[in-house]
Peer 1: 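For reference, the structure I am asking about is given below.
Throughout, residue positions are numbered sequentially from 1 according to the sequence presented.
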Amino acid sequence: MNHAEIDALVKSFIVDTATGDVNPRVQEVVVRLTSDLFKAIEDLDLSPSEIWKGLEYFAEAGATHELGLLAPGIGLERFIDIRQDEAEARAGLTGGTPRTIEGPLYVAGAPKSTGFARLDDGTEAEQGEVLFMQGTVYGADGKSLPGAQVEVWHANLMGNYSFFDKSQSHFNLRRTIVTDEQGRYQFRSIVPMGYGCPPEGTTQRLLTQLGRHGRRPAHIHFFVSAPAHRKLTTQINIEGDEYCWDDFAFASREGLVPSVTRISDPAELDKKQLDKPFASIDFDFHLNGETATVPSSVVERQRASA
């Protein structure tokens, strides 16, 4: 079949058979995606077995909760960010901290504090390197933002996240920090480790077929929000990681790899009540003002909550 014939066939399947109330947007999307799928089947001459194996793959990915991992792995989540960047640029919104992907491992409801929080529960303090990260949240006018909300989460030394990894304590390595009167935040944690897709999972199986690895560099996730400003979804990579610029999820971006300073000065160690050197990262967040002329920066999707 040629493409015009496929378009007519899909119309007869989806549009012409409608007898009840139609959601025009849903119909538009389903017609387009179905037409594109049928055209790909025709152009690539997919066999019935290949088609059903593809359906089985997506069924398994859904049942094992890996669709949220597959989306960044094929670049879909990065593509969404690119479109948001372009929309903001057209609206004249520039100068903000670069956004990057959320990933599938956020958990709502982390404990909240003002100015400072300790993220880790101490169970890996001896094996890991203590990290202090601090900075200021700035608004669209360039002034600091007291009362801004900085949500932060990252993996442990095994590359696992609390809630999904039941061996960790509740909300380990997850906190919400409200900036102080100077718009500043700071947290103590441990330097996270990078990790890879589950080796036998659906995402890694596809990546292997594509000749790709499934590794992520060590990184720390953030949601940063404040009234009258666009919500920022971003993450920083830990400088020097082997996969810092080779992230399977395409989340690495210029401006999101801050320098890591190792502090060994006895006076600083005493001030932090530490007996060994620690890592320090300075990083400021710059938010753009909210505007109705671009798509919302608040993404509606299913997220875990504890």
Side-chain angles (χ1 to χ4, degrees), residues 96-97 100 102 105-139 142-157 160-163 168-193 218-227 229 231-239 255-287 305-306:
T97 298
T100 194
E102 173 185 337
L105 298 169
Y106 170 79
V107 177
K112 184 181 291 188
S113 60
T114 298
F116 173 84
R118 180 166 177 174
L119 274 57
D120 68 300
D121 62 8
T123 57
E124 295 182 311
E126 292 304 314
Q127 309 99 290
E129 182 179 18
V130 173
L131 168 67
F132 280 87
M133 182 169 172
Q134 54 277 317
T136 302
V137 178
Y138 292 98
K143 297 179 180 178
S144 61
L145 280 173
Q149 185 166 277
V150 179
E151 297 179 76
V152 53
W153 68 102
H154 68 77
N156 68 359
L157 297 182
N160 297 324
Y161 287 77
S162 62
F163 182 84
Q168 296 186 48
S169 61
H170 257 8
F171 292 113
N172 185 39
L173 306 172
R174 301 178 184 273
R175 288 296 185 273
T176 297
I177 306 169
V178 178
T179 58
D180 64 18
E181 294 179 353
Q182 285 74 48
R184 292 187 59 79
Y185 76 92
Q186 184 184 55
F187 62 82
R188 172 181 169 172
S189 192
I190 54 172
V191 177
M193 297 293 288
H219 59 279
I220 302 174
H221 293 268
F222 297 94
F223 284 158
V224 187
S225 55
H229 288 80
K231 180 179 180 179
L232 173 66
T233 299
T234 195
Q235 56 188 271
I236 61 144
N237 285 356
I238 302 301
E239 181 185 50
L256 296 178
V257 188
S259 297
V260 181
T261 303
R262 264 66 191 193
I263 307 295
S264 58
D265 178 66
E268 287 297 318
L269 297 182
D270 186 61
K271 187 184 303 183
K272 301 291 189 186
Q273 298 182 324
L274 296 173
D275 57 6
K276 62 179 181 179
F278 65 93
S280 180
I281 296 175
D282 293 318
F283 193 82
D284 296 333
F285 295 102
H286 297 263
L287 303 185
S305 179

Peer 1: Could you check whether atom CD of Glu181 has more than 12 heavy atoms from other residues, nucleotides or ligands sitting under 6.0 Å from it?
Peer 2: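 Count not over threshold, so no.
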Peer 1: Salt bridge (charged side-chain N to carboxylate O under 4.0 Å, His left out) with Glu268: which residues, sequence neighbours excluded?
Peer 2: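 Here the qualifying residues are Lys271.
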Peer 1: If we only count heavy atoms from C-beta on, is the Leu131 to Ile190 side-chain gap below 4.5 Å?
Peer 2: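 No, side chains not in contact.
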Peer 1: Give, for atom OG1 of Thr100 and atom CG of Leu232, the distance between the pair rounded to the nearest 0.5 Å.
Peer 2: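 Those atoms lie 10.0 Å apart.
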Peer 1: Heavy atoms only: give me the nearest Leu119-Ser189 pair and the separation to one decimal.
Peer 2: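 What the structure gives for the nearest pair is CB-OG, 3.6 Å.
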Peer 1: Take atom CE in Met193; do more than 12 heavy atoms of anything else shown fall under 6.0 Å from it?
Peer 2: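 Count not over threshold, so no.
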Peer 1: Pick one: which of Val224, Leu256, Ile236, Leu287 meets side chain to side chain contact (heavy atoms under 4.5 Å, CB included) with Thr97?
Peer 2: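 So, applying the side chain to side chain contact (heavy atoms under 4.5 Å, CB included) to Thr97 and each of Val224, Leu256, Ile236, Leu287, only Leu256 qualifies.
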Peer 1: Which atom names give the shortest non-hydrogen contact between Gln168 and Tyr161, and what distance separates them?
Peer 2: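 That closest heavy-atom pairing would be NE2-C, 3.5 Å.
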Peer 1: Looking at every heavy atom in both Ile238 and Ile220, which two are closest together, and how far apart are they?
Peer 2: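 Minimum heavy-atom contact is CD1-CD1, 4.3 Å.
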Peer 1: Do Tyr185 and Phe283 come within less than 4.5 Å of each other through their side chains, counting heavy atoms only?
Peer 2: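 Yes, at least one pair of side-chain atoms sits under 4.5 Å.
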Peer 1: To the nearest 0.5 Å, what is the distance between NZ (Lys112) and CD1 (Ile177)?
Peer 2: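 Separation between the atoms: 12.0 Å.
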Peer 1: In terms of ring plane angle, is the pair Phe222 and Phe187 parallel, tilted or perpendicular, where the classes change at 30° and 60°?
Peer 2: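 Tilted.
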Peer 1: Under the criterion side chain to side chain contact (heavy atoms under 4.5 Å, CB included), I'd like the reasoning laid out for Arg188 against Phe116: C-alpha separation, chi angles, the key distance, then a yes or no.
Peer 2: CA-CA 8 Å; Arg188 172 181 169 172; Phe116 173 84; 3.9 Å; yes
Peer 1: Do side-chain atoms of Arg174 reach the backbone of His170 as a donor and acceptor pair under 3.5 angstrom?
Peer 2: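 No; zero donor-acceptor contacts below 3.5 Å.
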Peer 1: How many angstroms lie between CG in Leu173 and CH2 in Trp153, if you round to the nearest 0.5 Å?
Peer 2: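 It comes to 13.0 Å.
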Peer 1: Tell me, which pairs form a salt bridge (charged side-chain N to carboxylate O under 4.0 Å, His left out) where one or both residues lie in residues 118-127, sequence neighbours left out?
Peer 2: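 Listed by first then second residue: Arg118-Asp120.
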Peer 1: Is a side-chain N or O of Glu239 found less than 3.5 angstrom from the main chain of Val260, in a donor-acceptor match?
Peer 2: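 Indeed, once roles are kept as given, a pair shorter than 3.5 Å links the two residues.
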Peer 1: Kindly compute the distance separating CD1 (Ile281) from OG (Ser259), expressed to the nearest 0.5 Å.
Peer 2: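 Separation between the atoms: 9.0 Å.
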Peer 1: Nearest heavy-atom pair of Gly147 and Val178: which atoms, and what distance?
Peer 2: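 Looking at all heavy atoms of both residues, the shortest contact is CA-CG1, 3.6 Å.
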Peer 1: Mind checking side chain to side chain contact (heavy atoms under 4.5 Å, CB included) for Lys272 and listing every partner two or more places apart, or none if nothing turns up?
Peer 2: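 For Lys272, the residues satisfying side chain to side chain contact (heavy atoms under 4.5 Å, CB included) (neighbours in sequence not counted) are Phe132, Gln186, Leu274, Phe278.
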Peer 1: For a 4.5 angstrom cut-off between non-hydrogen side-chain atoms, does Gln149 reach Phe223?
Peer 2: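 No, their side chains stay 4.5 Å or more apart.
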Peer 1: Can you tell me if NZ on Lys276 sees more than 12 non-hydrogen neighbours from other groups inside 6.0 Å?
Peer 2: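 Count over threshold, so yes.
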Peer 1: Heavy atoms only: give me the nearest His219-His154 pair and the separation to one decimal.
Peer 2: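 It is O-CB, 3.6 Å.
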Peer 1: Has the side chain of Thr233 got a donor or acceptor atom that lies under 3.5 Å from a matching backbone atom of Glu102?
Peer 2: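 No.
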Peer 1: What do the steps show when you test Thr136 against Arg184 for side-chain hydrogen bond (donor to acceptor under 3.5 Å, both in side chains), and what is the final call?
Peer 2: CA-CA 4 Å; Thr136 302; Arg184 292 187 59 79; 3.1 Å; yes
Peer 1: Could you tell me which non-hydrogen atom of Ser169 sits nearest to which non-hydrogen atom of Ser162, and how far apart they are?
Peer 2: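 It is O-CB, 3.7 Å.
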